[in-house]
Each structure stands twice: as structure tokens, then as C-alpha cells.
There are 2 protein chains.
Amino acid sequence: MTPVKPSLELLRSLSDEHVLRALMRAGRLTRAELAVQAGISKPTVSESMRRLTEAGLVVDTGDRTTGRGRIGTYYGLAPSAGTALAISIAPAGVVAERLDAHGTVLTRTTRPLTRPARPELVAAALTAAVEAVRSAVGPARVATVSAADPVDRVTGRLVHLPDAPFLVGELDPVDLLAAYVTGPVTVDNDVNWAARAERDQGAAGDDFAYVYLGEGLGCAVVSAGEVLRGHAGLAGEIAHLITVGPGGRAMPFTEVFAALRLRQPSSTAIDVPALLGAGADVLAVIGTAVAGVLAATVALADPAHIVLGGPWGSEVPDVVGAAFAHLPRHVPVRPAAVADEASLAGVRAHALRSLRDAIIAART
Amino acid sequence: MTPVKPSLELLRSLSDEHVLRALMRAGRLTRAELAVQAGISKPTVSESMRRLTEAGLVVDTGDRTTGRGRIGTYYGLAPSAGTALAISIAPAGVVAERLDAHGTVLTRTTRPLTRPARPELVAAALTAAVEAVRSAVGPARVATVSAADPVDRVTGRLVHLPDAPFLVGELDPVDLLAAYVTGPVTVDNDVNWAARAERDQGAAGDDFAYVYLGEGLGCAVVSAGEVLRGHAGLAGEIAHLITVGPGGRAMPFTEVFAALRLRQPSSTAIDVPALLGAGADVLAVIGTAVAGVLAATVALADPAHIVLGGPWGSEVPDVVGAAFAHLPRHVPVRPAAVADEASLAGVRAHALRSLRDAIIAART
DNA sequence: TCTTCTAGTAAGGAGTCCTGACTAGAAGCT
DNA sequence: AGCTTCTAGTCAGGACTCCTTACTAGAAGA
């Protein structure tokens, strides 16, 4: 709505941004190559390089071209330009990775967790993991965090919803990580990150829904390439969505598993092994219940198709698909394409984008 | 992701855009006032004005300042800069308005429709209405259309969904209006436009859901200020959402009204007068059914609150609110703030934005 | 050894924005 | 009435950015 003010400073800043982004993509380039990549004339690139090297963001890598003509000098991002933290917090443990602006994973560490998760132990594991991937060049610029619980959109804190299992527990990642990072800390739900990974890597397109079925139940709606977050960040928490239960009774999704006695003792978490070992009749009931959830998703969000992920979500697409096909409006159901550390993949991609933006913005 | 190429042309274009937008906001301004409004120096404004008057987008309005110092000349957008069409197509009739770039309604006409709507009659009424608001200065640049049926996101055609009433019928507004407009024709569902009007004018915020309850059933989810459209544009078509019916049975929303015998004869449209005259027990069932829909909306989209609109939606917030309050996750329910021609209000706002963008883009 | 080719720099031109000074012209004050 | 004050718009000059063209340095190939 309000376009930026026209000024010569804007032009200069855009030139620098083009040069930096080209270097981020390619790793190292000569001035001549940069001119081609960035679509800018050689003299202008030279001017920009002078500014960026002075600012300490770009350095001569020492490498030289070998070819016909005069040897060229390769330039690349300075190591001190900054790194990003990509972190995943799940009931099984904490994973922390440090990335540079090219997207390379520099360090990685994991810290197991015991169950049930106790807040102070989770916090300690998180801090320890971050300490372990510390680097010599100084603090990271940005951090991106995936958590296996609902996340408050504004504060980034983990939230406990009624009748949903609290897998990770009371935690404030923004507060814990503030000391290790100079820029923004982004926190979101693991299902949302997995959906973003599916969008980026799978052939999922820009409008689909990702339904996660594990101990907890979650859903991410991707519309026009963006994950729907909602007012408080609790979009996709489908535990209370009303669907078809045993005997055709209407009941909240989570209570279907209570009615089928598929919950873990003294918890609202689903007993996944028991579910996977259940008989065909029980699975049919589950299929119908999931199909009801899918019907709601299709009615409200109109996805091109639905991706099923999670420990048991990837095991039941046929049962669910069969029940779903009976409904008047249905769309294809397919298992997730990104299976291995799906949410961490989404976190990495965001951390990289966020780091690059931070570096671009850093040059005053 | 890909920033624009830095060039002096970019600067010039930005200056012109600032000047044009200031003129659109204020109506008429002197060069000195423009310099202040647009945040640009006086000589630069003069240069920009020279270009824009040459392009025919800006004219001397003939007015002069009266004040202490030298008299100034007021400049304004040229009438030939362009106009926009704002159109609403509902079962009751077609409304067409012509707006200028300041948002003033220049002409307005309505064409009644007989029921049930027949496609060729609707098309004729639409064409007649557009002809009636024709202006002497030439064709409109853009058109924005609201239709009381689901709209295909890509083609703009009206779509008939199973078990939903087809109120307007087979119609291709983009094709019909192409002859009257040089720029884009935007078509969307009336509920989506009403939700946008609610966002702009009411105190609805940027994350809410608008549930429309009339002869047809609709819902618009506004997230981060944007209306969720979905893959084919059919997001919010809640007729098949599974909810609680009579006797606690799970059934699609639309079938609740069939079970209660509240449908119009030989149609899936709801008999609104009968519904409003129904007894407390029937209303309680309806309240529970709507609450089930709201539960799905809250679970999937996490709105800050829910707005109820439509002929009978604004009559039942208490009944619905009571049933909704029993559910574990509920949010405030309120009637719509924009009651009168809500969707046309949303259409107008979009037509204005679209026209302004088209004018900005027009200056090559 | 000479030619060919390429990386990087230098020089000059075009274009844009800004500041500050200047002119024209009307309103208000004495 | 005449002077002062104030404002709209223009002019001149400076700073800056980008581009094209030409040039230099230096290595590989013939």
C-alpha cells in the first residue's frame, strides 16, 4: 500500500541486495560472474563489492579462476556474516543444527528426552543442544524452532489445550534462545513446519491440507502457499472437531479414541501401537472419523488434496480414502512425500530464509 | 524473493506512484501540498507532474488556492484516468455501480430478477445494468463482481456444488464483462466480499470467520487479513461439513435442514420464513448444528471471533452462542456490523483498489 | 614470441533527487 | 496607499547512481 520512498539510497541498497543474494545462491563468484548473475553492470558490481567488503559481509576467498584470460578473484560471504539455528523439540528429544547462509549444515547435535517431558529438563536439553552447536565466529543471527505442541503466535510460547496431550510442556523458546541469537526467534508447531517442507519439496502445490496423525492430532492448511495460523496460532488443532464416532454418533475427534479405548493410560495421547494392531472393524470406525475431519477441511479450506503424515497417518490412507470417497465432496488423499525429519526440513528452509533476510537487513 | 532491478527508471516510477496515490487520496492538491503529502521535494514533484499531465492522467482542475501568498494551482486526476465497475449479482437482482479513482459512486442502477433465476435472463440483466452505468469518458478499466454462488477461483465462473442451491446459476461474468473493461475482472463469492467489508469497516480485526446463514450456507475465513480461497475458490462451502443433527446423529450441515423439513419445495435452499417461525426445540437443534460448524471453524482456522451474517444468521446469535458455549473451545459470536449491502461494500473497496493499481500500472 | 581471451578499472554521460535561492503575486498591517 | 509577510512554483547547482565504452593487466594457447 505504501511504496518505499524513492531515493538514490534505495538504488544502492537494491544493488547490494542483488549482489548478496547472488553470492548466497552461488557460494563464490568473481565480479564478472556477479555482474551476469545479478543483472548489473561490472562497474556497479565493483562499487557494491567495495561497500560490502568494507562492511565485512563479503571477503576474498583466496581462490582464483583458471581459464583463458586474466585470472579472476573469487568472492564469497564472510564467515562472520552470520549463521542460523534450526531446532526441533519433540517428546523423543531435541535436535539443533547450525546453518550458514548457503544452507550448509555446519554442526548438528541431538539430546534425548525422557518421557513424560518435564519443563525444566526440556529447557536444559534445549540449552545444552544450542551450546553444543556454538561456533567460534560469534552468536547466530536467527533461530527457527519446531515444537510438538501448539504454539502461541504472538509470544512463541507452547500452549496446553484442553483434552489434547501436552507432549513437550510449558516452554518459552523465545526467552531461552534470546541470549544465543541477535535477531528474531521464530517458533511454530511441528505440523506446520512439516506442511511447509511438503510444499517446498514434495509436489504438493500451494493449496493442500496436511493432516498429522500420531499420539496427538494436528492439521495444517496451506493456502496460496501460506500456512494458515489463525488468531492465536492455534489453527489446525483438530482434537475438538466434531466428527462421526462409533455408531454414527456425533462427537469430538479426540473422543473417538477414548470411545475405542485407544488412549494411553491417564493421558489424552493416543496409544499408537494399539491402534495399529486393532481389528478391521475398529479401523473402519477410525477411517470414518478421519474422513469426517477431512470433510470439514475440504468444506472450509478447499485443498487440492490431502496429505496424511505422522506415525499412523501414513499407515491408514487406504482405510481413510475408502471412507472419504463415500462423501459427496472428496479430494485425493496421499501419504506425505517428506517422511524423514519432515518438520526439521521445514525449519531449515525457514531458518535459511530468515538468516538471509537478516544479513540483507544488517547492512544498515 | 526477487527484488526489482535497481535503475533510475525505478526511481522515477516510484515518484510518479507517490504523486498519483496522494492525488487519489486527497482529490486535488497543489504542487506544494503534493510535495508534503508524498514526501518528495518540490522540484521532483514538478518533474513528475510534467510527465503525468503529458500522459493524460493528471489535469489542472481550474481551481485556485485562496490564502496569504501566491495563488496555487490545484491538480487532480483526469476524468479519463479511468473508472471501475462494482457489481453484485444476487437472486433478488443485479446492482451495478461505476466508481472513480477517489471512490465516489458516479452512477448506480439495479435490475430485478425473477425467481428461479434463468441463466440467460441473469446474463441479460447484468449486461443491461452495465450498459446503464456506461459513461461518456470511455470504458471502465476494471470490474469487480460479487455473486451469490460459489465462484471458481481460476476462471471466475459460477459453480454448482452437489446438494447446495444454485441461486444465480450458470454464468461467466468474466466473459460477459470483458467487452466493457480494459483491465482485470475479479469475481468472488458474496460471503467472501461481505467478510472483507467486515474486516475493513467493522472492528473485526484480521483473524475471524464470517458465517452466512440464509437460503444458502456459507463461510469465509479471514486469516492475517486475507480471505481463504482454497484451491478452486470453494473454501467456506460448509453445506457438507459434518455436524450434530437431530438426536445427536452426525450428518452433513445441509441435511439437518432436510431432517427438520425446513427446505423450500423441490430445492436444497432453506425456507427462511419457516425457520424463523419455528419453535424453541427446533431452534435449539439448529443452534447445536451451527455450533458444530463453528467448532470445526475454530479447530481449523482459530478465529478471534465469529461473525454471524445473513437473513437468519443475524437473528440467532443467542441460540447459537448458547450451544457453542458448551463446547470446550469457543470464541465470541457476534452479529455482523456491516448489514446493509455488505458484499457490495466489499466489492466497492476492491474495485477501488484494483482501479488505482491499474492506473498506476497504466503509465507504461 | 605473438595472438587471443578474460577480469577488473577508468572515464564520461545520462538521469534522478535534493537543497537553497529566487521570482511572482496576493493578503494583511500600519 | 504603501510596506511587509507569506506562499506557489521555478531555477541552478551539487551529489549520487547506473550504464556504456574503452582500456589495462595478465594468463593460456598457437
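Every chain is numbered from 1, with letters handed out A, B, ... down the list of sequences. These figures come from a predicted structure and were not determined experimentally.
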Nucleotide C:dT9, atom C1' - distance to CE of A:M49 in whole Å: 14 Å
Sugar-phosphate or base contact per nucleotide [nucleotides 22-30 of chain C; S, B, -; heavy atom under 4.0 Å]: --BBBSS--
Phosphate OP1/OP2 of D:dT10 contacted by B:S46 side-chain N/O (<4.0 Å): yes
Nearest-Å distance for atom pair CZ/P, residues B:R50 and D:dA8: 22 Å
Non-hydrogen atoms of A:P6 and B:L14 that approach each other most closely: CB-CB, 3.8 Å
Length of the line joining A:L10:CG and D:dC18:P, which is rounded to integer Å: 10 Å
Whole-Å gap separating C1' (D:dG14) and CG (A:L8): 12 Å
Selection from C:dA7, D:dC19, D:dT17 that lies nearest to any side-chain heavy atom of A:R12: D:dT17
Atom pair distance, as rounded to whole Å: CD1 in B:I40 and P in C:dC18: 6 Å
Contact nearer the 5' end of DNA chain C, comparing A:Y75 with A:K5: A:Y75
A:A32 side-chain proximity, nearest of C:dA7, C:dT19, C:dA14: C:dA7
Rounded distance in Å - CD (A:E47) to P (C:dG12): 17 Å
Most 5' of A:T44 and B:E33 on DNA chain D, judged by nearest nucleotide: B:E33
Sequence neighbours excluded, every pair satisfying salt bridge (charged side-chain N to carboxylate O under 4.0 Å, His left out) that has a member inside residues 58-86 of chain A: A:R28-A:D63, A:D60-A:R64
Where A:A220 and A:A195 come nearest, the two heavy atoms and their spacing: CB-CB, 3.6 Å
Sugar-phosphate, base or nothing in reach of B:T65, heavy atoms under 4.0 Å: nothing
Nucleotide nearest A:P43 when distance is taken to its side chain, options C:dC18, C:dC17, C:dA11: C:dA11
A:R98 versus A:T107, side-chain donor and acceptor atoms under 3.5 Å: no
Phosphate contact (C:dG8 OP1 or OP2) by A:T73 side-chain N/O below 4.0 Å: yes
Touch class at under 4.0 angstrom, heavy-atom based, for A:T30 against every strand present: sugar-phosphate
Whether A:D100 side chain and A:T83 backbone form a donor-acceptor pair below 3.5 Å: no
Lys/Arg N to Asp/Glu carboxylate O, B:R229 vs B:D188, below 4.0 Å: yes
Sugar-phosphate only, base, or nothing, as touched by B:L11 at under 4.0 Å among non-hydrogen atoms: sugar-phosphate
Nearest-Å distance for atom pair CG/C1', residues A:D16 and D:dC18: 13 Å
Atom-pair distance (CD on B:E9; C1' on D:dC19), nearest Å: 13 Å
Presence of A:S15 side-chain N/O under 4.0 Å of D:dC18 phosphate oxygens OP1/OP2: yes
Those residues that, when tested against A:V105, pass side-chain contact (heavy atoms from CB on, under 4.5 Å) (two or more places apart): A:E97, A:L99, A:R108, A:R348
Sidechain-backbone polar pair: A:R196 side chain, A:V347 backbone, donor-acceptor under 3.5 Å: no
Nearest to side-chain heavy atoms of A:R31, which nucleotide of C:dG8, D:dC18, D:dT10: C:dG8
